[in-house]
Amino acid sequence: VDLSAQIANMKVNNLFLNASGIHCQTEAELDDLMQEPVSGAMVTKSMTPQSRFGNPLPRYYRLANGSINSMGLPNEGFDYYMDYLKTHDQIKPVIVSVAGRSKEEDLAMLHTLQDDDSYQGLTELNLSCPNVIGEPQMAYDFPAANDLLKEVFSFYKKPLGIKLPPYFDLVHFDQIAELLNQYPLSHVNTINSIGNGLWIDVNSETVVLKPKGGFGGVGGSMVLPTALANVRGLRQRLNPSIKIIGTGGVTNGRDAFAHILCGAEMVSIGTQLYEEGLGAFERVTRELTDIMEAKGYELLADFRGKLKVIE
Ligand SMILES: O=C(O)c1[nH]c(=O)[nH]c(=O)c1I
């Protein structure tokens, strides 16, 4: 799938997809996403070469205005997802999310995808999982990320995007954009959860997650300002050929509209999708359509990236 081809003059109805990790680990969950009538694409849970249980429970907790998770990369393993693609009609594009625990694991999975002539899908290299115990987020280690991408693009010739963590300093927007602009990326998906947050139950004076002493990635409506900043900051800096999937904090049509104003070509829904169920796609799409009609916009391209600043 070439996102840009799918995106040209896209109307609202196929703008949305799930955030990786949400309702996308098992065959049954993937079938639900495939059959869901409104979303325009879907992404798998990030996968490793072998299946993983992930971190001990409790590892997800709902907050008043978001979520915190330390899942630890639970997934059914690379072959399971490859089999799924081979045995199911792709009614919509399925983005394959790859998150090796090491450079070697990333390269091994990408070599297999490159060498599999039957695989013509869009792949997303997740460089931003914050919850694998003892593993740093590659996307915060610019030299390591550059080494990995240089090696990846020496052999990988199919559409490939990158899942990024949030950055919090404009200099880092400059640095990651300069790094990514060297490569023929199909897209950047930003943001992943805000890594290593901490939530405390004051009554029991205890953390709410078991892994990592309670530290986990934060998502949901409270991360919207960070998500919008990263979509906007990267849109302003990345080559136009690199599309942006906006992820983070989308709970309604207004949030989705804001992501598109910042330059998002497609918009993921994560925490809200998990808490509300797949019906969130239809609700958010309807709300966005109503906003567009009220403003006189017919196409997403009518306002995409056209955020105004105060002169
Ligand atoms: O803990 C996880 O499985 C996880 N959790 C996240 O919030 N982002 C990620 O990329 C991953 I791979």
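For ligands, and for the atoms within them, numbers begin at 1 and follow the listed sequence. Bear in mind that the values here come from a model prediction, so they are computed numbers and not experimental data.
- Of the N or O atoms in S46, none lie within a sub-3.5 Å distance of an N or O in ligand 1.
- Interface atoms of ligand 1 facing L73, defined by a heavy-atom separation under 4.0 Å, are 1 (O), 2 (C), 3 (O), 12 (I).
- Remark: minimum distance from atom 11 (C) of ligand 1 to any protein heavy atom is reached at C129 SG, 3.2 Å.
- Contacts of K163 with ligand 1, taken as heavy-atom pairs under 4.0 Å, are absent altogether.
- Between the side chains of D255 and T251, a donor-acceptor pair is found at a separation under 3.5 Å.
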Donor-acceptor contacts, no H, no angles, side chain residues 219-235, under 3.5 Å, sequence neighbours left out:
{"residue": "S221", "atom": "OG", "partner": "N65", "partner atom": "O", "Å": "3.0"}
{"residue": "N230", "atom": "OD1", "partner": "Y167", "partner atom": "N", "Å": "2.8"}
{"residue": "N230", "atom": "ND2", "partner": "Y167", "partner atom": "O", "Å": "3.2"}
{"residue": "N230", "atom": "ND2", "partner": "T226", "partner atom": "O", "Å": "2.8"}
{"residue": "R235", "atom": "NH1", "partner": "I242", "partner atom": "O", "Å": "2.9"}
{"residue": "R235", "atom": "NH2", "partner": "L238", "partner atom": "O", "Å": "3.4"}
{"residue": "R235", "atom": "NH2", "partner": "N239", "partner atom": "O", "Å": "2.9"}
{"residue": "R235", "atom": "NH2", "partner": "I242", "partner atom": "O", "Å": "2.9"}

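- With a 4.0 Å heavy-atom cut-off, ligand 1 is reached by no atom of V132.
- E36 and S39 are linked by a side-chain donor-acceptor pair at a separation below 3.5 angstrom, with hydrogens and angles left out of the test.
- In this structure, the side chain of S67 does not engage the main chain of L63 through any donor-acceptor pair within 3.5 Å.
- Among E178, E151, Q182, the one residue that satisfies the side chain to side chain donor-acceptor pair (under 3.5 Å) test with N146 is Q182.
- Residues K212 and N55 bring no donor and acceptor atom of their side chains to less than 3.5 Å of each other.
- Looking at E275, its side chain never comes within 3.5 Å of a backbone N or O of R62 through a donor-acceptor pair.
- By the criterion of a heavy-atom distance under 4.0 Å, neither the backbone nor the side chain of N55 is placed next to ligand 1.
- Contact analysis puts G72 in contact with ligand 1, with a non-hydrogen atom separation below 4.0 angstrom.
- The aromatic ring centroids of F155 and H111 lie less than 6.0 Å from each other.
- Only the side chain of P130 comes within contact range of ligand 1, with a heavy atom under 4.0 Å; no backbone atom does.
- Within the 4.0 Å heavy-atom criterion, the part of N192 lying near ligand 1 is the side chain and not the backbone.
- Donor-acceptor pairing under 3.5 Å is lacking for the side chains of E29 and Q25.
- For the pair N131 and ligand 1, the shortest N or O to N or O distance falls below 3.5 Å.
- The atoms of ligand 1 that sit less than 4.0 Å from any heavy atom of P74 are 3 (O).
- Residue contact check: M71 has heavy atoms under 4.0 Å from atoms 1 (O), 2 (C), 3 (O) of ligand 1.
- Any N or O atom pair closer than 3.5 Å counts here, and A99 shares no such pair with ligand 1.
- Using 4.0 Å as the threshold, S193 has a heavy atom nearer than that to some atom of ligand 1.
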